[in-house]
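Written out below as structure tokens is the structure these notes cover.
Atoms within each ligand, like the ligands themselves, are counted from 1 in listed order. Keep in mind the model is a prediction, meaning the values are calculated, not measured. The basis for the numbers below is simple: all heavy atoms, side chains too, and nothing from hydrogens, waters or symmetry mates.
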Amino acid sequence: MALLSILCFPDPKLNQVARPIAAVDARIRTLIADMLETMYDAKGIGLAATQVDMHERLIVIDVSEERDEPLVLINPELVWTSAETHLNEEGCLSVPGVYDGVKRFDAVKVKALDAHGKSQLIEADGLLSVCIQHEMDHLMGKVFVEYLSPLKRNRIKTKMLKVQREDRA
Ligand code: NI
């Protein structure tokens, strides 16, 4: 297993749209293991392949307290969304230190393959629902701060670029 490096906003590679995965083979299983290790190491609750510069439709999630309930979604598709939406405070491993409100569906149903290539239907509400919607956005090349006002987004962009410059110095 290996720790992968996480792209940081406003890296344009975060805006790339991911391709469907044709086969859940050894390469994908290695990527899943590496992404889980990377997510746990970074203390995140979700990570999309896009964030580690692999532009394939794969997400790993763990919203459990004990950090022992990994969920793997391959080629996820929303099959149902609730009528109700809610503003939730979100953060992202690609935008460290930034938290802001995004409107999401209260509940969703998602069809996806699991780590063994088996089809699964996930019914999610609460934090898991928010997390799935956030990660699926990454696969479409969208970062949560892109929902915020242009003013806020530009402020975050400036702050991130400054932090990244200082990290390199
Ligand atoms: Ni994120």
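For F9, there are no ring-ring contact (aromatic ring centres under 6.0 Å, His included) partners at least two apart in sequence or on another chain.
Under the 4.5 Å side-chain heavy-atom criterion for Ile, Leu, Val, Met, Phe, Trp and Tyr, M136 and L58 are members of distinct hydrophobic clusters. Under the 4.5 Å side-chain contact rule for hydrophobic residues, V110 and V60 do not share a cluster. Under a hydrophobic-cluster definition in which Ile, Leu, Val, Met, Phe, Trp and Tyr are linked whenever side-chain heavy atoms come within less than 4.5 Å, directly or via other members, L47 and I59 are assigned to different clusters.
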side-chain contact (heavy atoms from CB on, under 4.5 Å), that's the test. Do R57 and M140 meet it? Break it down for me.
CA-CA 9 Å; R57 294 186 59 78; M140 294 308 295; 3.9 Å; yes
For the pair M160 and C8, evaluate side-chain contact (heavy atoms from CB on, under 4.5 Å) and give the outcome as yes or no after the intermediate values.
CA-CA 8 Å; M160 288 294 123; C8 271; 5.8 Å; no
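Protein N/O/S atoms closer than 2.8 Å to the Ni ion (ligand 1): C92 SG, H134 NE2, H138 NE2.
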